[in-house]
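It should be emphasised that the depicted structure is a prediction, and the values quoted were computed from it without experimental measurement. In this chain, numbering begins with 1 at the start of the sequence shown.
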Amino acid sequence: MGTLRKALVVAAALGAGAGVGSALFALVTPGELQKQAMLKMPEQHPQHRDEAARTQRLVMVTLQEAAATQENVACRKNWTGGGGGTV
C-alpha cells in the first residue's frame with residue numbers, strides 16, 4: 001500500500017509540475033498580432049530600409065577591398081575606415 005501511495009504522490013507532483021510549466025508557456029507565447037508585427041520585414045519602414053541599404057553598401061565595400069588586398073581586413077580595429085593594420 002505504501003508503494004502505491006508513493007507512486008500516486010510522485011505522479012501528482014509530476015502532473016502539477018507539467019501543469020505549471022504549460023500554464024507559464026501559454027502566458028509567455030506571443031499573440032497573433034505580436035507574431036505578425038515580428039514577421040514584418042524591416043524594409044517596410046523608410047528608416048530601416050535606409051539603414052539596411054547603408055549596411056549592405058558597407059559590407060560590399062569591405063568585401064571588394066578584401067578581395068583587392070592581401071591584408072586580413074577581419075583583424076581591423078576600425079572597420080569603417082580604410083587601411084588600419086592588424087591587431
Side-chain angles (χ1 to χ4, degrees):
M1 194 70 171
T3 306
L4 179 63
R5 180 180 210 149
K6 191 180 257 187
L8 288 175
V9 167
V10 168
L14 289 175
V20 169
S22 298
L24 288 175
F25 183 74
L27 288 174
V28 172
T29 54
E32 188 64 31
L33 292 176
Q34 288 177 327
K35 286 181 188 176
Q36 289 176 359
M38 285 190 286
L39 292 175
K40 279 187 179 176
M41 299 300 278
E43 288 80 16
Q44 290 180 350
H45 303 289
Q47 182 180 3
H48 292 262
R49 184 174 48 239
D50 295 341
E51 184 177 332
R54 179 180 178 271
T55 302
Q56 187 68 22
R57 281 193 306 271
L58 287 174
V59 168
M60 289 305 297
V61 166
T62 303
L63 287 174
Q64 288 171 348
E65 185 178 342
T69 183
Q70 291 296 322
E71 179 190 358
N72 186 355
V73 295
C75 292
R76 287 186 184 164
K77 291 183 179 181
N78 183 6
W79 283 47
T80 57
T86 59
V87 174

| message | Between Asp50 and Arg54, is the side chain to side chain contact (heavy atoms under 4.5 Å, CB included) condition met? List the steps. | response | CA-CA 6 Å; Asp50 295 341; Arg54 179 180 178 271; over 6 Å; no
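Listed by chain and number, the hydrophobic cluster partners of Met1 come to none, as no ILVMFWY side chain reaches under 4.5 Å of it.
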For residues 5-19, run the donor-acceptor check on the side chains, cut-off 3.5 Å, and write out each pair with its distance to 0.1 Å, sequence neighbours left out.
none

